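One structure is given below, encoded as structure tokens.
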2 protein chains.
Amino acid sequence: MTLPLKPIRPKRVSDQVYEQLRELIFRGELKPAEQLMPERELAEAMKVSRTTVRNAINKLVVLGLLEHKQGQGTFVRRQEAGDKNVVAMAMESQGASIQDLLEVRMGLECNAAALAARRADEKDVQFLENSLKEMAHAIRSGQLATQADTSFHMAVAYATKNPLQVYIMRNFYDFLFVGIRESLRQLYEVPGHTDLILEQHTTITEAIRAHDELAALEAMRRHITFVVNFFKNR
Amino acid sequence: MTLPLKPIRPKRVSDQVYEQLRELIFRGELKPAEQLMPERELAEAMKVSRTTVRNAINKLVVLGLLEHKQGQGTFVRRQEAGDKNVVAMAMESQGASIQDLLEVRMGLECNAAALAARRADEKDVQFLENSLKEMAHAIRSGQLATQADTSFHMAVAYATKNPLQVYIMRNFYDFLFVGIRESLRQLYEVPGHTDLILEQHTTITEAIRAHDELAALEAMRRHITFVVNFFKNR
DNA sequence: TTTTCTAAATTGGTATGACCATTTTCGAAA
DNA sequence: TTTCGAAAATGGTCATACCAATTTAGAAAA
């Protein structure tokens, strides 16, 4: 007779550091080509040894997320194609269209929004608001808000506290940037569009902050429907 | 005038160790499941520090060639070729749980059910009904209905007419069969469970046949919620 | 002033040595 | 023979020092 005991898995310190750093990169707080803090500073800030920090960084280097340059520092590496990106593979081999992509996103992200509303803490809301500010800034300075867009949706994914959700979402947005960047840009180039999207993002953020699952789901549904309609009329 | 001078690249010591070890593995001198020499011995044998040896080994661990087991040693890992199942990769590398998997499925499949209700033709409904019969047969003959279960959900995916949806769903169910087959079996071993599931599948099929999107979505939601609750109470 | 060179500061890479955490081993005790 | 516990083996972390490559800044030279 086996009792249903949950497995204890004490994580290695270096793995915890690794996860923190990876999160910074995925969330976009550390942008491509940006320099990482020196190892010595990181060690002091996290109250661990430099050895441990180095192990974590090395892991990210091997995975292609970071890049070492002796005498200069460590930098975030923009990951190019050839990453065995699932979405890209499927889109190509299955001959899927942007419409197909958006349909699947509809299911994934609406559910994610509801989960996020259920579990988001102050920190998650903070990240959502940061991406809103980022997009507002992009609007004022007349730049494209694609980066801020990604940050927002990945912040929603993180708020679900579901690693699989994050992983899959990451694949989607990586593809959006390398696969259909040109198509996506047109969405943001229409005057006033970015303002509308910012408004929709804000509504979603409010619902998540209020822990209103249904409202979050509906707001996300309207948001993605808006995008769907844009690509439909072209 | 630039002469074609080849760049001098003084290799890092840890990289040289890495290459030696990798060579041993590739050549088969270190066979799968075999234990590596202890780090301290390797360091002494190669006249380098244990730190350097560890860096090299860690690199091989990240690449999946070696495997660490604290208190036991480091072992050569047999690498399963052509795995690249997204879900399996994510579940392992991100440390996701069955709960996490089901949560993402909730979003994917509820949406899929609605899309299926919108687009399913006679042939799609036929496939759905075939899987129902298959499950009924499994019940009568006292066999496990896991195969019929997969057939049903893949039939829903096909009915969406969305290649990306099919592709991703395929990955999920492939993983269910190789990754958590044992866990999944318990769901079907409880007396009466398979009957309940068949009933739920039937309800979903009816909604899709009637092209009732909302009913299909709700029926799927109840179905997956049922599965979620089963795994929650264990 | 502008250019050039050199020394210092910065930052990743390696070396030691110690100690911690987990697993196995093996001998003593029951 | 079985059971228990201490010791050994082995990977994980820490602290410190020093090496190697690069950048920076200030002095020296033009």
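In the text below, chain A, chain B and the rest are named by the order of the sequence lines, each starting its count at 1. The structure presented is a predicted model; accordingly, all values stated were derived computationally and were not measured.
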- request: Grab the CD-C1' distance between B:E67 and D:dG11 for me, whole Å please.
  value: 13 Å
message: In this structure, how many angstroms lie between the P atom of D:dT22 and the CD atom of A:Q35, rounded?
response: 14 Å
- prompt: Rounded to whole angstroms, how far apart are CG on A:N55 and P on C:dG13?
  reply: 12 Å
- prompt: How long is the line joining CD of A:Q70 and P of D:dA21, in whole Å?
  reply: 6 Å
Sequence-distant partners of A:V76, side-chain contact (heavy atoms from CB on, under 4.5 Å), two or more places apart: A:I25, A:L30, A:L66
message: Tell me the interatomic distance from A:R12, atom CZ, to D:dG11, atom P, rounded to whole angstroms.
response: 12 Å
query: Which of residues 36-52 of chain A sit near DNA chain C, with a heavy atom under 4.0 Å from it?
result: A:P38, A:E39, A:R40, A:R50
query: Side chain of A:Q72: nearest nucleotide among D:dT23, C:dG12, D:dG11?
result: D:dT23
task: Could you tell me which residues satisfy ring pair (Phe, Tyr, Trp, His ring centres under 6.0 Å) with B:F226, sequence neighbours excluded, listed by chain and number?
output: B:H193
task: Could you check how far NZ of A:K69 sits from C1' of D:dA20, rounded to whole Å?
output: 17 Å
query: Under 6.0 Å from the CD atom of A:E34, do we count more than 12 heavy atoms belonging to anything else shown?
result: yes
Output side-chain donor-acceptor pairs under 3.5 Å for residues 130-137 of chain A, partner residues at least two apart or in another chain, one line each.
unit_1: A:S131; atom_1: OG; unit_2: A:L128; atom_2: O; d: 2.8

- line: Separation of C:dT14 atom P from B:Q16 atom CD, nearest Å, is 9 Å
Euclidean distance, atom CG of residue A:N58 to atom C1' of C:dG12 [Å, nearest integer]: 10 Å
- prompt: Does A:S14 put a side-chain nitrogen or oxygen below 4.0 Å from OP1 or OP2 of D:dT13?
  reply: yes
- request: Using side-chain hydrogen bond (donor to acceptor under 3.5 Å, both in side chains) as the criterion, list what pairs up with B:Q200, not counting sequence neighbours.
  value: B:H223
message: Going by the rule side-chain contact (heavy atoms from CB on, under 4.5 Å), which residues pair with B:Q99 if we only count those two or more places apart in sequence or in a different chain?
response: B:S97, B:V228, B:F231, B:K232
